[in-house]
Every structure is written in C-alpha cells, then in structure tokens.
A.B. asks: 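Let me give you the structure first, and then I'll get to my questions.
In what follows, chains carry the letters A, B, and so on, assigned in the order in which the sequence lines appear, proteins first and then strands, with residues in each chain numbered from 1. On a predicted model such as this, the values are computed, not experimentally measured, just so you know. Side chains included, hydrogens not; waters and symmetry mates left out as well; all remaining heavy atoms used.
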Protein chains: 2
Amino acid sequence: MEDIDIITNERCKDVLLAIIEGYLATANPVGSKFVSENYYLNLSPASIRNIMAILEEGGYIYQPHFSAGRVPTAKGYKFYVESLMKTEKISKKQRETIKKTFHLENRNMGDILHQTSRALSDLSHYTGIVLAPETSQTNLLHIEFVRVKPNNILVIMVFKNAIVENRLIYVYKDIKQNELNGYSDRLNEIIEKRDCGIDELRNIIESEMCDDKENLYSILNGTILNFTNNPDRNLANSLYIGPETVLLDEPEFSNNKQIKFFIKTINDKKIIIKLLGLAKNCETKRIFIGSDAEWSEITGLSLITAPYLSEDKALRGSIGIIGPSRMNYSQVIPIIDFIAEFLGEII
Amino acid sequence: MEDIDIITNERCKDVLLAIIEGYLATANPVGSKFVSENYYLNLSPASIRNIMAILEEGGYIYQPHFSAGRVPTAKGYKFYVESLMKTEKISKKQRETIKKTFHLENRNMGDILHQTSRALSDLSHYTGIVLAPETSQTNLLHIEFVRVKPNNILVIMVFKNAIVENRLIYVYKDIKQNELNGYSDRLNEIIEKRDCGIDELRNIIESEMCDDKENLYSILNGTILNFTNNPDRNLANSLYIGPETVLLDEPEFSNNKQIKFFIKTINDKKIIIKLLGLAKNCETKRIFIGSDAEWSEITGLSLITAPYLSEDKALRGSIGIIGPSRMNYSQVIPIIDFIAEFLGEII
DNA sequence: ATTTAGCACTTAACTGCTATGAGTGCTAAG
DNA sequence: CTTAGCACTCATAGCAGTTAAGTGCTAAAT
C-alpha cells in the first residue's frame, strides 16, 4: 500500500528527491529541517517528518540512529535512478576530454581499452573498469610463427577483432624459419577459406593435416591446442581498471574498515568480472546498487555498467564505473552511455 | 663519535638487533624490559636503557613519545640490513612455489612478467613489482602486416627479446594483403641482414626505399615512425604490480591516513618507475628505505629491488617488493635475489 | 668502573560522567 | 491537512581521573 502511495504521490517523490540530492551533495544524513529550508516544497519540518515516516516504512530511506537524519537505502537509490533523476547531458568539454584521451592515430586493442578505463575514471572521478571483448569467440584472421632462437618459437595469433595473442613455446626439434613459414602459409590458407575459430582449426588440423602432424603439434602444443586453459591469465588481461585512488577522498571512505573493503572489492577480479559479465549480455546499461540483500559483494558501492558492441557486432564487451553508492548518478550515467557508444564506434 | 661506538661496540649492536627484531615481530615499540626478558643479553632493563640512549643519540632509534618504547629509524633499518641481519636461505617449499607459479609451457613475455609479480607477492606477502625490460633498445626480429578490414592494417612487430607489439592503423588507400606481404617480406629481409632496431630501420626506409615510400609511409605512420612517442602507454604497460590488498592487514596500515598514503604511493607509477629505473642500472640489489630525509616519496615504506638480466644480456629490467618499512628483510631479500636470477634464466 | 635497583616522572589510552545539539515522534491546535 | 510545541533519544565532544608502560636519573652494589 505504501509503495503505491509513494510512487503516485507527488509530495513523497519530492521529499525523497530532496533527501537523496541533499545526501549526494553533503554526505551527511539529511533532516527534516534541512529539506524544508533548502528545497522549495513549502512544507514545514513537521510535515516533512510525516512524509519521511512513510518513506521509511516503504524502505526507501533509513536512519543510522534515532536522532539522525535520513539516508537513502539501496531501494531508494534505485527508485531515484529509475524514476526521479533527470540525467544531465554530456557537455562539449567532456566530449573533447574524451577525444583527447584517445590517441586515435596510434593504437592497438590493449591501448584503447586502457584509455577507455582512463577516460571513465577521469570524467566520472570514480573508478572506471573495462571488460575486454572475448577473444575465443572470434574467428582467426592470421597466424604466424617466428623463430626467436633455437628451439624457441613465437606463435602469433591475430583474431578478426584485431586482438593479437602471442605465446612463446619450446620445441624439442629446432625448426627453421623457412619451414615455419610453410606451416603458417598453409594454416593461413585454411583460415581464409574456412573462416574458422580456434576450436575448428584444431579439428581441421587433427583430421586433415596428418602428414605434418608431428611438427605442427610440437609448434602448436600449448597454444592452439589448449588456448583457453589459463583462466588466471585471462582474468588479468581482460580487465582494465582505472586508479582506485580517486575514490579515497570520498567522505564515505574515511574509516579504514570501509577503505579496506573497497580496495579489496576493486581488486577482487572475480566479483568485477561476474558483474561486468552480466552487463555484457544485457541490451542496455545496468546499475548494480550494493546492499546486504542484493549484490552483497559490493555493499555500500554502486557499479554502473553498459555493454558496448562493435559496428559489425563481432565484438561485445562491457564497461563500468564503480564508486560509493552515494554517487553522482545523473552525471555518471550519460558518461557511461557516451563512452560505450564511442568505444563501439572505434573498435 | 657515537657512530664509531655503535658500529664497533658489540653490545650496542646486540641491543639494536634486539630492538629491530622485536619491532619486526610485534609491530609495537619495544621497551627495555622487553629486550631484557626476551633476548639473552644478560643485561638488566636499566643497562639496556643506557645503551638505548646512545642508540637514540646516534639516530638509529627513536621514541614515538616519552613513555613509549623505541622504534627503529630509517637509519636503523639501513644499518640492520647492511651489517646486522642474517639472511635466511630460501626453502625448498618456496622454490617449488615459485616454479608452480610460472606455467612454463605456455607463456609469453607479458605472462611471465605478470607471473613474476605474483610470485613476488605470494612469497613475500608484500606487493611485488616488475619493471619490464625496455623494448626500444632491442633490435627487431620480424615485422608483419595484417589487413584487418578495408583501410585498417594491423602492424605486428616482434623484437629479439620475444616481445610483441602491435598497432592498428588506418590508411587512406586500401592496400590488399598480397601487397602488404610484399612489403613485410622486404622489410624482414632488411631486418635479418642488417640486424637493426626501430630507429635504424626508419633511417633505412627513408634513405633506401624511395620507390615505395608513399605506401610504406602510410602503413608505418604511427608505428615505426613514432614508436616511443606514447609515454603514457609505456608507463602502463611496462609495470606489473601485484595486489596491494595483501598489505592492508599489516598493523601499520590501521589508520586511514597511512592506508591512503600507501595506496596512492603504490598507484603513483612515476614514483615506482623512478625507483625501479634506478635499480635497473645497478649491478646488484638495492634497498630504498623511506624516510623524510631520504626517499621521502615512500616515507614509512621500503622498496627492495634487484636488476635482472637475460642470459644473452640483451634484456635488462628490475623487480621489487614494496611494503612497510617494518618489513621482514631477512626473508624478503633472498626471495628477491632468487626470483631475479630465475627470471633472468627464463627470459 | 660498570651494572643495577629504586623512584619520580611523563605520556597515551582508556574510563565514566556530563552537557550539548541535532533530529525525531507525537499531540493538539490552527 | 498542516504545523507549532514538547518530550525524548542518541551521537558527539569535552573533562577529570585512572592505569599501564616505559623512561631518566641517582645512589647503592658488584
């Protein structure tokens, strides 16, 4: 019943908006007097207190202690983001900052993703995160063998999304560069004709290239033959995280328990990957507001994410901004939207 | 005068050693009574107090406040590390842990450096740092052009140290893969014959390959022609830093001012690069103990570094471990030594 | 001549107490 | 339905008092 009231009742919404905006601005619990004085609602503190009681019962705000002001709950933030907030448009200045951050002339995939995390951090003043597009899904474009020194071969794999992977492997038999070129030429022919990914290429080699199996196997062992078998490495390389230092000066991180929780959360790649992985497969942006009930891994923090998609739709990843739940959503959300779109265009 | 006393006087050294070891173990200022009871010096607290007064005058220890025990100063730590400490040998267990951390079958340069920072962190329980060997100094081994899509060419450069760099560039004229192969073949011929680095190759192209200048220039623009012009990127890519979270539980990081200072220091790549850059050009390991007087950028922290060198001496970089000044030097130093040597062998 | 016991002293840290102030819920009047 | 008034709650700050740790100094002991 209260839910319906709050959502339809204009006055309730006004007060909730005032409380949230007040809290975002001051980082202190906001009281009835503050709302009455600073927002033009033409209501006395006592009236506002009545409304606050309703909002509290509905679970949108709570009191840290009896005689304190009110603080938005996760539910409150969610309602604010979905219904109350007016997002600001991204300014020309910000647009220019973004374009400056990307040095477009001189780039590779790693650079771009790294610059994206920087752009996210710089503009939002929170911590930007970029999840790289998955490599294994994409088909191969080119393969190359380079003999680095006797018995050591560097295998370079180029994927259609312009991502380059390389592995240095040891082979018992020293294969000359000329011979290597023969192998790579033949594999590249197959790659071009069949338009295949790693798994398919592996099958083709096994079924159709019996004559060279021995040599090819010793070259490819540890690369194509077990490409995705290193989760640790994939974790580390597919995530680009901006500096967490920008956040340390936020007032909520003044007690060291929270600082530690925050630093540990940001550094726990499993959590971040999990959430950004969810975001990747969404159609549109998604907002994770941490609370004990939902997304308890990031209690007190919020993560705003958006998927990005290359123009040919071959590449799909996601970006995000993580910061305190008391976050400037109305500024951050357009930034995320803009950068996700921009990133989709340039990759 | 006091200096001479302390360095020659056995009793002074014993007490200093006791104080430092006591402080390393407990993280609390150590008093005369504690030393007298826990170390077999056969001295009463009063006698130890007399010696402490001498040590304090010499600047090796200090009192946080009047009625507190003594804490080593940076000078004290330095003397301890150089003259007092007995380094423990690295255990078999640790040796095995290191070898497990490196998956030797399946590696590339980035992986290895990343694993190194992990190994440093895991073994020391502090934060490991790896400075990658400089790329620009090394000569080229191979160059390859791959047409990713119309007008987009991926330039792959392989250096003799097995480091692979790639850049995606836009060219106004769409060059087919066949033509690209021609260019790369010719460049690879040059590279093999002349054994040259990027700068030399650039000169050779400019002076000797006039006929193809136009096409080659549009391909190479932004790669070979201005290879090192992206300091930001170099900074980010050449440094591998282990998790800082391991350190957060150290007792010195219980007040939030110190946590913030520490996190900011670790994340300030300029500081780290500066110190590891110094270390790289040293012959042997080096220990930076932060104090207001010396290395004030890392006050309260210590950084132990060692250079590493590949067997053919082409590759030179450095590794380090950063942690609180109250660090377990006797365990960390052999770890650094061992890993620096190990890394030199496998790259 | 050194070592040590004893003592007065200093300081941080903790304790319990009180006053203050911010903010509330409730009630009754407008 | 709004609001003024009032009693109530709780965090915070400040203050005096206590405790524990550890010191420096002096005089006695070895």
A.B. asks: In whole Å, I'd like the distance from the CD1 atom of B:Ile48 to the P atom of D:dT23.
C.D. replies: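 To the nearest whole Å, that distance equals 10 Å.
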A.B. asks: Separation of A:Asn255 atom CG from D:dA11 atom P, in whole Å?
C.D. replies: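 Answer to the nearest Å: 16 Å.
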A.B. asks: Is it the case that over 12 heavy atoms from other parts of the model lie below 6.0 angstrom from the NZ atom of A:Lys78?
C.D. replies: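 At most 12 heavy atoms, drawn from other residues, nucleotides or ligands, come within 6.0 Å of this atom.
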A.B. asks: Can any side-chain N or O of B:Ser32 pair as donor or acceptor with the backbone N or O of B:Ala46 at less than 3.5 Å?
C.D. replies: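 Not confirmed, B:Ser32 side chain does not pair with B:Ala46 backbone.
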A.B. asks: Roughly, in whole Å, what's the span from CZ in A:Arg49 to P in D:dA4?
C.D. replies: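 Atom-to-atom, A:Arg49 to D:dA4, this comes out as 10 Å.
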A.B. asks: Specify the separation, in whole Å, of atom CD1 of A:Ile54 and atom C1' of D:dC1.
C.D. replies: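 It is 12 Å, rounded to the nearest whole Å.
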A.B. asks: Once you measure the plane-to-plane angle for B:Tyr329 and B:Tyr77, does it fall in the parallel (<30°), tilted (30-60°) or perpendicular (>60°) bin?
C.D. replies: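 Rings of B:Tyr329 and B:Tyr77: tilted, 30 to 60°.
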A.B. asks: How many angstroms lie between CZ in B:Phe79 and CG in B:Leu16, if you round to the nearest 0.5 Å?
C.D. replies: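 Result: 6.5 Å between the selected atoms.
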A.B. asks: Using atom CD1 of B:Ile61 as one end and atom C1' of D:dG22 as the other, report the distance to the nearest whole Å.
C.D. replies: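 From B:Ile61 CD1 to D:dG22 C1': 13 Å.
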A.B. asks: Decide if atom NZ of B:Lys264 counts as having more than 12 heavy atoms of other residues, nucleotides or ligands within a radius under 6.0 Å.
C.D. replies: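 Yes, NZ of B:Lys264 has more than 12 neighbouring heavy atoms, counting only those of other groups under 6.0 Å.
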A.B. asks: How close or far is atom P of D:dC1 from atom CG of A:Asn50, stated in whole angstroms?
C.D. replies: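 Value for this atom pair: 11 Å.
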A.B. asks: Find the distance between CG (B:Leu303) and CD (B:Glu297) and round it off to the nearest 0.5 Å.
C.D. replies: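 Reported value, rounded in 0.5 Å steps: 10.5 Å.
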A.B. asks: If you count every heavy atom of other residues, nucleotides or ligands that lies below 6.0 Å from A:Lys33 atom NZ, does the total exceed 12?
C.D. replies: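 Counting other residues, nucleotides and ligands, NZ of A:Lys33 stays at 12 neighbours or fewer.
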A.B. asks: Within the 3.5 Å criterion, strictly below it, is a donor on B:Ser44 or B:Ser47 matched to an acceptor on the partner's side chain?
C.D. replies: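 Present: a donor and an acceptor within the cut-off.
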A.B. asks: On DNA chain C, which is the earliest and which the latest nucleotide, 5' to 3', with an atom closer than 4.0 Å to a heavy atom of chain B?
C.D. replies: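 Span of nucleotides near chain B: C:dT3 to C:dA12.
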A.B. asks: Determine yes or no for a side-chain-to-main-chain donor-acceptor pair under 3.5 angstrom, with B:Lys13 supplying the side chain and B:Ser83 the backbone.
C.D. replies: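 Judged by distance alone, no pair lies under 3.5 Å.
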A.B. asks: May I have the distance from A:Ile51 (atom CD1) to D:dC1 (atom C1'), rounded to whole angstrom?
C.D. replies: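 About 11 Å, once rounded to whole Å.
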A.B. asks: With nearest nucleotide decided by heavy atoms, which residue, A:Gly31 or B:Arg11, maps closer to the 5′ end of DNA chain C?
C.D. replies: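 With A:Gly31 and B:Arg11 compared, the 5'-side residue is B:Arg11.
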A.B. asks: Using a strict heavy-atom distance below 4.0 Å, which residues from residues 65-72 of chain A are in contact with DNA chain C?
C.D. replies: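 Contacts with DNA chain C under 4.0 Å: A:Phe66, A:Ser67, A:Ala68, A:Gly69, A:Arg70.
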